[in-house]
Amino acid sequence: MSLDNVFTNGIKLLDNVTKSIQETVRIRPWIGQDAFGKRSFGATRKYKAVVTRKLGEKRLSDGRVISYTTILAFLRPIAPIGAVGRDEPIDVRDELFLADDTTGPIVAVEGPTDNPSTNVRYFQQVFLG
């Protein structure tokens with residue numbers, strides 16, 4: 001069994017174990033903006049995520065330190081939107097809403113990749129500011 005299979009099966013197990021505490025999260029995907037900077041969004045999509053509400057700080061790879069209020073772990077695949085210029089499948093310009101309608105800017109999207117050349121993540125970890 002390859003490391004890829006071990007990691008994939010571990011995430012499936014984690015998804016099954018946490019199903020009872022996962023919350024429905026709405027993502028309104030950014031799809032572009034006009035010449036005046038007005039942003040456009042696609043249809044809202046719903047996904048399940050493990051939501052951890054906690055204040056913290058995180059150092060980004062460029063050295064900046066960001067504050068966050070919530071960490072979300074999307075353990076199931078999220079379909080790409082396909083709009084030009086987006087970081088798929090979650091872009092920091094997307095709007096994300098928790099079950100209680102709490103929202104905030106997406107300050108970082110992370111997660112281990114299965115292939116560094118494609119940057120496809122095993123799962124999405126999103127930090128909200």
Side-chain angles (χ1 to χ4, degrees):
M1 182 178 275
S2 72
L3 186 57
D4 178 63
N5 288 342
V6 170
F7 210 82
T8 300
N9 290 336
I11 292 170
K12 285 180 185 175
L13 178 62
L14 185 59
D15 181 42
N16 285 330
V17 169
T18 61
K19 275 196 191 309
S20 66
I21 63 165
Q22 290 183 22
E23 298 180 25
T24 300
V25 176
R26 294 172 292 141
I27 300 175
R28 193 169 162 226
W30 174 89
I31 57 172
Q33 65 187 42
D34 65 18
F36 301 103
K38 182 180 177 195
R39 301 184 315 162
S40 300
F41 295 91
T44 300
R45 298 174 174 199
K46 293 181 181 180
Y47 295 96
K48 291 289 192 174
V50 176
V51 177
T52 305
R53 290 170 176 85
K54 71 178 229 175
L55 300 175
E57 290 185 337
K58 177 170 185 39
R59 183 173 301 279
L60 301 179
S61 60
D62 64 4
R64 290 181 296 142
V65 176
I66 53 125
S67 296
Y68 61 84
T69 61
T70 308
I71 304 170
L72 297 96
F74 294 92
L75 301 174
R76 285 177 242 153
I78 295 178
I81 303 301
V84 175
R86 271 185 63 83
D87 288 330
E88 298 286 6
I90 298 176
D91 190 286
V92 296
R93 296 166 287 193
D94 292 349
E95 292 181 343
L96 199 146
F97 301 90
L98 305 180
D100 64 0
D101 281 336
T102 299
T103 190
I106 298 173
V107 294
V109 179
E110 298 181 349
T113 58
D114 62 356
N115 181 341
S117 67
T118 63
N119 234 11
V120 174
R121 293 184 176 97
Y122 283 104
F123 66 93
Q124 307 292 317
Q125 187 175 34
V126 177
F127 293 79
L128 291 184

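Taking hydrophobic clusters as Ile, Leu, Val, Met, Phe, Trp and Tyr residues chained together by side-chain heavy-atom distances below 4.5 Å, V25 shares a cluster with I106. Put simply, V92 and F97 are part of two different groups of oily side chains (I, L, V, M, F, W, Y) that touch within less than 4.5 Å, one to the next. Hydrophobic clustering (side-chain heavy atoms under 4.5 Å, transitive across Ile, Leu, Val, Met, Phe, Trp, Tyr) groups L14 together with V50. Hydrophobic cluster membership is shared by Y47 and V51, with clusters built from Ile, Leu, Val, Met, Phe, Trp and Tyr side chains linked at under 4.5 angstrom.
No side-chain donor-acceptor contact under 3.5 Å links R93 to the backbone of R39. Side chain of N16 to backbone of L13: no donor-acceptor contact under 3.5 angstrom is found. Checking side-chain atoms of Q125 against main-chain N and O of I71 turns up no donor-acceptor pair under 3.5 Å. Under a 3.5 Å cut-off, the side chain of D15 and the backbone N or O of I11 do not form any donor-acceptor pair.
To the nearest 0.5 Å, atom CG of residue L55 and atom OG of residue S67 are 8.5 Å apart. Taking CD1 of I21 as the reference point, atom OG1 of T52 lies at 7.5 Å (rounded to 0.5 Å). If you take CG on L128 and OH on Y68, they are separated by 11.5 Å, rounding to the nearest 0.5 Å. For the atom pair CG (L75) and NZ (K48), the distance works out to 12.5 Å, reported to the nearest 0.5 Å. Here K12 contributes atom NZ and R76 contributes atom CZ; the two are 12.5 Å apart, rounded to the nearest 0.5 Å. Note that CG of L98 is 8.0 Å distant from OG1 of T69, once rounded to the nearest 0.5 Å.
Contact detail for G85 and D91: the closest heavy-atom pair is O-OD2, 4.1 Å. Minimum heavy-atom separation, P80 to E88: CA-OE1, 3.3 Å. Contact record, L96 with F74: CD1-CZ, 4.2 Å, taken as the closest heavy-atom pair. Nearest heavy-atom pair, V109 versus R121, reported as atom, atom and distance to 0.1 Å: O-NH2, 3.3 Å. Scanning all heavy atoms of the two residues, the minimum distance from A79 to P89 falls at O-CB, 4.1 Å.
A parallel orientation is assigned to the rings of F123 and F7, their planes being inclined by less than 30° (bins at 30° and 60°).
Under the 4.5 Å side-chain criterion, counting only non-hydrogen atoms from C-beta, R45 is not in contact with I78. Residues D94 and R86 meet the side-chain proximity criterion, which asks for heavy atoms closer than 4.5 Å.
Looking only at atom types and distance, the side chain of K54 has no donor-acceptor partner in the side chain of T70 under 3.5 Å away.
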